[in-house]
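Just below is one structure, and these are the notes that go with it.
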Amino acid sequence: MSIKRFIIGLFIGCFIVSCGGSKKITQKTTDTRITTKKTPPEKTFPKENPDSKPETRPSTHKDNVSLYIDTYATIAKEEMMQYGVPASITLAQGILESGAGKGVLVKKANNHFGIKCHNWKGAKVYHDDDEKGECFRKYSLAKFSFRDHSLFLSNRGRYSDLFKLPKDDYKGWAKGLKAAGYATDKKYPAKLIALIERYKLYVYDGEVLGKDQKDYKKVVDKKDQHTVKKGENLYRIARKYNITVSDLKKFNGLEGDQIFEGQVLYIKPFDRGY
């Protein structure tokens with residue numbers, strides 16, 4: 001009997017140990033599930049597409065200036081040949097005054113040089129400058145703004161000393177314009193000179209003066225122009241070339257009938273698109 005009881009007791013003991021161990025393992029597993037913290041998923045960002053086009057950026061100031069020079073250098077050289085204003089000065093003033101063609105007055109009035117109305121009888125626009133609502137000249141095409149710039153300087157006595165300087169003395173012109181009252185900015189001469197030297201605008205002066213005349217001979221066809229002589233008026237000139245006064249004024253951007261001796265007029269349409 002003792003052996004039988006021993007065997008039964010051993011069997012019961014093993015069963016109890018077995019159940020207890022299983023219970024502990026289950027409890028441990030349950031505890032692990034309860035206390036384990038979930039790790040939040042990592043943030044993901046869209047990958048760059050290697051085939052996507054780069055972002056379009058606005059042109060730099062240098063690009064705008066270079067485009068301006070390429071567009072108007074021919075006109076500046078023509079004005080130098082006919083009126084004596086260095087092409088380098090004309091281009092530098094145009095760049096500075098018009099913001100390289102991006103200024104408000106260019107968009108509103110084709111006015112590249114900030115010339116105010118004064119005794120102007122043509123079209124006008126009003127713009128805030130030194131004072132609010134100042135009157136500025138308006139042109140139908142940019143080329144007429146360049147022509148008026150030449151006339152503005154050559155017809156006013158206060159600029160007369162500039163035309164006594166060597167034709168390629170852009171530094172003398174820059175300083176002389178400030179001294180004659182063209183601009184109030186004390187740094188105006190330095191700004192003009194810096195533009196001329198940075199973009200080598202003096203090269204265009206050299207072309208006009210014959211240092212590279214071969215490239216410049218094609219610029220002006222004098223058969224398409226007439227230099228006003230003493231006593232002439234628009235009617236006589238129009239009749240001479242078998243055109244109407246209206247067309248003559250249109251070719252030259254004239255609003256009134258006033259012309260002067262030595263003025264160069266186009267007698268055919270100017271088709272360069274400026």
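Bear in mind the structure is a predicted one, so any value in this text is a computation, not a measurement.
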Interatomic distance, CZ@R147 vs CD@Q82, rounded to 0.5 Å, equals 5.0 Å
Electrostatic pair D205-K167, nearest N-O below 4.0 angstrom = no
Can you label the angle between the Y170 ring and the Y202 ring as parallel, tilted or perpendicular, going by 30° and 60°?
-> parallel
Please report the closest heavy-atom contact between L201 and A92, naming both atoms and the distance.
-> CD1-N, 3.9 Å
Test side chain to side chain contact (heavy atoms under 4.5 Å, CB included) on I69 and I95 and set out the steps.
-> CA-CA 8 Å; I69 294 168; I95 293 166; 3.9 Å; yes
Residues forming a ring pair (Phe, Tyr, Trp, His ring centres under 6.0 Å) with F113, sequence neighbours excluded = F146, H149
Give, for atom OH of Y241 and atom CG of L265, the distance between the pair rounded to the nearest 0.5 Å.
-> 9.0 Å
Give a yes or no on whether F152 and L165 share a hydrophobic cluster (residues Ile, Leu, Val, Met, Phe, Trp, Tyr; joining criterion: side-chain heavy atoms under 4.5 Å apart).
-> yes
Closest heavy-atom contact between V106 and S98?
-> CG2-CB, 3.4 Å
Between the side chain of W173 and the main-chain N/O of I89, is any donor-acceptor distance below 3.5 Å?
-> no
Which residues satisfy the side chain to side chain donor-acceptor pair (under 3.5 Å) test with Y204, sequence neighbours excluded?
-> none
Please find out if less than 6.0 Å separates the ring center of Y266 from that of H226.
-> no
Gap separating the NZ atom of K77 from the OG atom of S88, nearest 0.5 angstrom | 12.5 Å
Does L141 belong to the same Ile/Leu/Val/Met/Phe/Trp/Tyr cluster as L105, with side-chain heavy atoms less than 4.5 Å apart forming each link?
-> no
Begin with the C-alpha distance, continue with both residues' side-chain angles, and end with the deciding distance and a verdict on ring-ring contact (aromatic ring centres under 6.0 Å, His included) for H112 and F144.
-> CA-CA 10 Å; H112 285 246; F144 297 138; over 10 Å; no
D257/K249 ion pair, N-O < 4.0 Å | yes
For the student: nearest non-hydrogen atoms of D128 and K132, plus distance | OD1-CG, 3.1 Å
Do Y139 and W120 have ring centres separated by under 6.0 Å?
-> yes
Least distance between heavy atoms, D185 atom then K178 atom = O-CE, 3.2 Å
CD1 (I115) and CG (D148) are apart, to the nearest 0.5 Å, by 5.0 Å
Shortest non-hydrogen contact from Y83 to S154?
-> CD2-OG, 4.0 Å
May I ask whether L151 and F136 are part of the same hydrophobic cluster, defined by side-chain heavy atoms of I, L, V, M, F, W, Y residues being less than 4.5 angstrom apart, directly or through others?
-> no
Count the heavy atoms of every other residue, nucleotide or ligand shown that sit under 6.0 Å from NZ of K107, and state whether that count exceeds 12.
-> no
Are any of the side-chain heavy atoms of I193 and K171 separated by less than 4.5 Å?
-> yes
After noting the C-alpha distance and the side-chain angles of R239 and R236, does the key distance pass the side chain to side chain contact (heavy atoms under 4.5 Å, CB included) rule?
-> CA-CA 5 Å; R239 185 176 179 182; R236 289 181 60 182; 5.8 Å; no
Could you tell me the separation between the OH atom of Y126 and the NZ atom of K116, rounded to the nearest 0.5 Å?
-> 13.5 Å
Considering residues at least two apart in sequence or located in another chain, which fulfil the salt bridge (Lys or Arg N to Asp or Glu O under 4.0 Å) criterion with K138?
-> none
Separation of L162 CG from R156 CZ (nearest 0.5 Å) = 13.5 Å
Check the pair Q93 / Y182 against side chain to side chain contact (heavy atoms under 4.5 Å, CB included), numbers first and verdict last.
-> CA-CA 11 Å; Q93 283 192 284; Y182 190 96; 3.1 Å; yes
Would you check if V85 and E79 make a side-chain contact, meaning some heavy-atom pair closer than 4.5 Å?
-> no
Pairing of K250 and D247 as salt bridge, 4.0 angstrom limit | no
Quick one: does Y188's side chain get under 4.5 Å of L96's, heavy atoms only?
-> yes
Minimum heavy-atom distance between P189 and K186, given as atom pair plus value = CD-O, 3.7 Å
Are F251 and I267 close enough, and set up right, to give a side chain to side chain contact (heavy atoms under 4.5 Å, CB included), and what steps lead you there?
-> CA-CA 7 Å; F251 298 159; I267 57 173; 5.6 Å; no
Would you say V228 and N233 make side-chain contact, with heavy atoms under 4.5 Å?
-> no
Ignoring hydrogens and geometry, is there a side-chain-to-backbone donor-acceptor pair from N64 to A100 under 3.5 Å?
-> no
Side chain R158, main chain A180, donor-acceptor under 3.5 Å = yes
Just by distance, do the side chain of E197 and the backbone of A194 share a donor-acceptor pair under 3.5 Å?
-> no
Give a yes or no on whether I259 and L248 share a hydrophobic cluster (residues Ile, Leu, Val, Met, Phe, Trp, Tyr; joining criterion: side-chain heavy atoms under 4.5 Å apart).
-> yes
Do the two ring centres, one from Y159 and one from F163, sit under 6.0 Å apart?
-> no
